[in-house]
Amino acid sequence: SGGAFVGTEARRNAAVKAGGLQAVCAAMKLAPHRSAVQHFGITAVDAICSFGTARGVKPDMSRCDAALEAGAHLMTLEAMRRFGHVRSENGVCIHVMEGADGKKMQCAVPGSILQSGCHLLHCLVYDGDEAKVKVLNDAGTLKVVAAVVRADPACTDDNEPTFGDTKRLED
């Protein structure tokens, strides 16, 4: 859950103590081909580590350290490399998931894997700790982000006009 409320912080800390970060990373590792697992995984790690929706509240760096130890940055980079900026509809990505009963369902997650991943990676090094920045650099963070953006420089959705696309701008 989002926000910087006392109950939220307690749940975030409990998730870390219970091995939640490791569990999320394990799920992402087991299903690298499932965009929904990757997107929900990145979002879950970010929710545990991050400042949520409270403006001006900094992330808890001990939780960010735990996420790095669990390999969240590596799973995030792999998801970004694999899926990049998945097209969204009205600001959310629509992922197809299979339920326990075998039926397919659609799930919506705000933003894209690229956007969520960049937010999480920034969160992990929010304090500017040089050792943590080195961990992300050694993992090839800048190369991954550059490759994803190079593959889709506009990072626009199908229904968004792009620079120079006058026909769509006129519509």
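Residues C64 and P59 come closest through the heavy atom pair SG-CB, 4.1 Å. Between P32 and L30 the shortest heavy-atom distance is CD-C, 3.4 Å. The two atoms that bring L74 and A139 nearest to each other are CD2-CB, 3.8 Å, heavy atoms only. Of all heavy-atom pairs between G117 and T76, the closest is CA-CG2, 3.5 Å. Looking at every heavy atom in both residues, G71 comes nearest to C25 through C-SG, 4.0 Å. The minimum heavy-atom distance between V133 and V125, with the atom names listed, is N-CG1, 3.9 Å.
Taking hydrophobic clusters as Ile, Leu, Val, Met, Phe, Trp and Tyr residues chained together by side-chain heavy-atom distances below 4.5 Å, V109 does not share a cluster with V24. Connection of F83 to L77 is established within a shared hydrophobic cluster, with ILVMFWY side chains joined at heavy-atom distances below 4.5 Å, either directly or through further cluster members.
Side-chain contact between I113 and S35 is present, with heavy atoms from C-beta onward closer than 4.5 Å. Looking only at side-chain heavy atoms (C-beta outward), D60 and R12 stay at 4.5 Å or farther from each other. Residues C107 and F40 form a side-chain contact, since some pair of their non-hydrogen atoms from C-beta on lies under 4.5 Å apart.
We find the CG-CG distance between D65 and L21 to be 11.0 Å, quoted to the nearest 0.5 Å. Atom OG of S112 sits about 8.5 Å away from atom CE of M80, to the nearest 0.5 Å. Q115 contributes atom CD, which lies 11.0 Å from atom CD1 of I42 (distance to the nearest 0.5 angstrom). To the nearest 0.5 Å, the span separating CG on D127 from CE on M61 amounts to 3.5 Å. Here CG of D46 is found 11.0 Å from CZ of R63. Values are rounded to the nearest 0.5 Å. Interatomic distance, T43 OG1 to H119 NE2, rounded to the nearest 0.5 Å: 10.5 Å.
Qualifying side-chain hydrogen bond (donor to acceptor under 3.5 Å, both in side chains) partners for K134, counting only residues two or more places apart in sequence or in other chains: D138. Scored by the ring-ring contact (aromatic ring centres under 6.0 Å, His included) test, H39 finds H95 as partners (sequence neighbours excluded).
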task: Tell me, with the steps shown, if L136 and L121 meet side chain to side chain contact (heavy atoms under 4.5 Å, CB included).
output: CA-CA 8 Å; L136 291 188; L121 294 171; 4.0 Å; yes
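In terms of modelled atom types and a separation under 3.5 Å, the side chain of Q38 and the main chain of M28 share a donor-acceptor contact.
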